[in-house]
Amino acid sequence: MIKTCLKNGQEVIIRLPQKEDAQQMIDFYNVVGGETNFLSFGKNEFSMSLNEYEKFLEVTKKVDNSIVVVATVNDEIISIASITSGQKARTKHVGTFGIVVSKKYCGLGLGVKLMDYLMDWSKSNGVTKKISLVTNEENTVAIELYKKFGFEVDCILKKDNYVNGEYLNTVIMSILF
Ligand SMILES: CC(C)(COP(=O)(O)OP(=O)(O)OC[C@H]1O[C@@H](n2cnc3c(N)ncnc32)[C@H](O)[C@@H]1OP(=O)(O)O)[C@@H](O)C(=O)NCCC(=O)NCCS
């Protein structure tokens, strides 16, 4: 667990989630899905049931190459960030990165803190050699954040996303250790 401060001075805790957090995490995803066009799902479209998500958290805790962290302010979840990897010998060195910060807490330095934490964790878990991520071409804030940490663009998937009547390109980025 890490206690740190946002740029506005508010105290934030970054920690591993417990099984009991699962429902609040699902609720969080269902809300933030409606706050941004840059997630793969919209409002109330998070696809996992409580049981499935509890199992996902449980399995994630048991493996060396996956991690989920939550950031909280006064016990309210304001961000979830993760690196998830499979267990097959040929691909377990590759992690997939995901992050979302609640809209009212964006721009307060939390994205940088979570990236710092997850990059350090990835470099020291003994398995991960590459992290990939998928983002939207118009998500310039996220793309700049990822570049700051050394991610490079692998490729563009043309018109891979359909948001508000518009087809948008998807950007695949990665970093190698
Ligand atoms: C992308 C996201 C995770 C960044 O988190 P954040 O907490 O807002 O990021 P930070 O406050 O740490 O800022 C990170 C960098 O982004 C840039 N940035 C932040 N807010 C910005 C703004 N309003 N305009 C331009 N650049 C901005 C800055 O370069 C900043 O770095 P700096 O503080 O060293 O200057 C967050 O905006 C988010 O969750 N967005 C919606 C969901 C999403 O897009 N997820 C990623 C899907 S791939």
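The residues of the chain are indexed from 1 along the displayed sequence. Here the structure is a predicted model, which means the values were calculated and not measured.
- By the 4.0 Å N-to-carboxylate-O rule, Asp21 lies close enough to Arg15 to be salt-bridged with it.
- Checked against the 6.0 Å centroid criterion, the rings of Tyr53 and Phe46 qualify as a close aromatic pair.
- In the hydrophobic clustering of this structure, Leu39 does not group with Val134; members are Ile, Leu, Val, Met, Phe, Trp, Tyr whose side-chain heavy atoms approach within less than 4.5 Å, directly or through other members.
- Residue Asn37 is tested with Asn161, Asn136, Val163 for a side chain to side chain contact (heavy atoms under 4.5 Å, CB included); the sole match is Val163.
- Residue Gln24 comes nearest to Ile77 through the heavy atom pair OE1-N, 2.9 Å, listed as atom of the first residue, atom of the second, then distance.
- Side-chain contact between Val12 and Ile78 is present, with at least one heavy-atom pair separated by less than 4.5 Å.
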Pair Phe149, Leu118 - check side-chain contact (heavy atoms from CB on, under 4.5 Å), show working. CA-CA 11 Å; Phe149 279 84; Leu118 290 183; over 6 Å; no
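- In this structure a side-chain-to-backbone donor-acceptor pair under 3.5 Å is missing from Ser66 to Val63.
- Nearest heavy atoms, Met48 versus Glu52: CA-OE1, 3.3 Å.
- With contacts defined as side-chain heavy-atom distances shorter than 4.5 Å, the pair Phe38/Val141 does not qualify.
- Checking Asn8 against Gln10 by side-chain atom types alone, a donor-acceptor pair falls below 3.5 Å.
- The two atoms that bring Ser132 and Val94 nearest to each other are OG-CG1, 4.1 Å, heavy atoms only.
- Using a distance-only test at 3.5 Å, with no hydrogens or angles considered, no donor-acceptor pair links the side chain of Glu11 to the main chain of Cys5.
- The closest side-chain heavy-atom distance from Leu157 to Asn169 is not below 4.5 Å.
- Checking Asn125 against Thr128 by side-chain atom types alone, a donor-acceptor pair falls below 3.5 Å.
- Contact check for Val100 versus Phe28: side-chain heavy atoms found under the 4.5 Å cut-off.
- Minimum interatomic distance between Met119 and Ile131 (heavy atoms only, all atoms of both residues): CE-CD1, 3.6 Å.
- Closest of all the heavy-atom pairs between Ile26 and Leu50 is CD1-CA, 3.6 Å.
- Between Ile175 and Lys130 the shortest side-chain heavy-atom distance does not fall below 4.5 Å.
- Formation of a donor-acceptor pair under 3.5 Å by the Asn30 side chain with backbone atoms of Glu45 is found in this model.
- When all heavy atoms are compared, the tightest approach of Val171 to Glu137 is CG2-CA, 3.6 Å.
- Considering Lys92, His93, Gln87 as possible partners of Asn65, the one that fulfils the side chain to side chain donor-acceptor pair (under 3.5 Å) test is Gln87.
- Between Ile99 atom CD1 and Leu114 atom CG the span is 4.5 Å, to the nearest 0.5 Å.
- A 4.5 Å side-chain heavy-atom check between Lys61 and Val68 finds every atom pair outside the cut-off.
- Looking at Thr4 and Lys113, their side chains do bring a donor and an acceptor atom within 3.5 Å of each other.
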